[in-house]
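Some notes on the structure that comes next.
As a basis for the values below, the full set of heavy atoms in this structure was taken, side chains included, without hydrogen atoms, waters or symmetry mates. Keep in mind the model is a prediction, meaning the values are calculated, not measured.
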Amino acid sequence: NQIWLFVALAVVILCGIVYALKTDKIQAPIGKISLLVIAAGAIGNVIDRVVNHYVVDMIQLEFIRFPIFNIADIYVCVGVAFYYLFIHKDAEEADK
């Protein structure tokens, strides 16, 4: 019953992503792609929440015990992983 809380949170995150892209806070192309992939996943989940009042999960792996998920979840996870591996980690190493 917290649909609008999740929608509002996604909108705030999307605004942050748009701000980061518009102001060139992220210079590396892989960083920009990562943010766009995260945004695409967030938008997909928001559409599901607004239209269906829940996120439609459709992928279930039978060979391992793993939560059911959807394509938007994959986008968010892959985007965050790429951002962390290629941008955040490089920034940490540059600070040392």
Exercise for the section: Can you see which heavy atom on Leu14 is nearest to which on Ala42, and at what distance? Expected result: CD2-CB, 4.1 Å

Exercise for the section: Kindly work out whether a path of hydrophobic side-chain contacts (I/L/V/M/F/W/Y, heavy atoms less than 4.5 Å apart) joins Phe86 to Ile26. Expected result: yes

Practice task
State the CG-CD1 distance between Asn52 and Ile3, to the nearest 0.5 angstrom.
Solution key: 9.5 Å

Completion exercise
Closest non-hydrogen atoms of Gln27 and Lys32, given as atom of the first, atom of the second and distance, are O-CE, 4.0 Å

Handout entry: Heavy-atom check, side chain of Ile59 versus side chain of Ile71, under 4.5 Å
Key = yes

Problem - Single-linkage hydrophobic cluster, 4.5 Å side-chain cutoff, Tyr84 and Leu36 together - result: yes

Practice task
For residues Ala72 and Asn45, report the shortest heavy-atom separation together with the two atoms involved.
Solution key: CB-OD1, 3.5 Å

Exercise for the section: Provide the closest heavy-atom pair for Ala40 versus Tyr75 in the form atom of the first, atom of the second, distance. Expected result: CB-CD2, 3.8 Å

Fill in the blank from the handout: Closest non-hydrogen contact found for Tyr83 with Gly31 is CD1-O, 4.3 Å

Exercise for the section: Decide whether Ile74 and Val55 are clustered together by the hydrophobic rule: side chain heavy atoms of Ile, Leu, Val, Met, Phe, Trp, Tyr closer than 4.5 Å, transitively. Expected result: no

Practice task
Test side-chain contact (heavy atoms from CB on, under 4.5 Å) on Arg49 and Val56 and set out the steps.
Solution key: CA-CA 9 Å; Arg49 286 192 194 283; Val56 177; over 6 Å; no

Practice task
Apply the test side-chain contact (heavy atoms from CB on, under 4.5 Å) to residues Val46 and Val11: give CA-CA distance (whole Å), side-chain angles for both, the deciding distance (0.1 Å), then the verdict.
Solution key: CA-CA 9 Å; Val46 165; Val11 168; 5.6 Å; no

Practice task
State whether the side chain of Asn70 and the backbone N or O of Asp73 hold a donor-acceptor pair below 3.5 Å, judged by distance alone.
Solution key: yes

Completion exercise
Paired with Leu35, the side-chain contact (heavy atoms from CB on, under 4.5 Å) test is passed by just one of Val18, Leu21, Ile30, namely Leu21

Exercise for the section: Please work out which of the three classes, parallel, tilted or perpendicular, describes the rings of Phe69 and Phe66, given edges at 30° and 60°. Expected result: perpendicular

Exercise for the section: Look at the side-chain heavy atoms of Ile, Leu, Val, Met, Phe, Trp and Tyr, link any pair under 4.5 Å apart, and say whether Ile13 and Leu5 land in one connected group. Expected result: no

Practice task
May I ask whether Val50 and Ile47 are part of the same hydrophobic cluster, defined by side-chain heavy atoms of I, L, V, M, F, W, Y residues being less than 4.5 angstrom apart, directly or through others?
Solution key: no

Handout entry: side-chain contact (heavy atoms from CB on, under 4.5 Å) evaluation trace for Val37 with Ile33
Key = CA-CA 6 Å; Val37 170; Ile33 292 169; 4.2 Å; yes

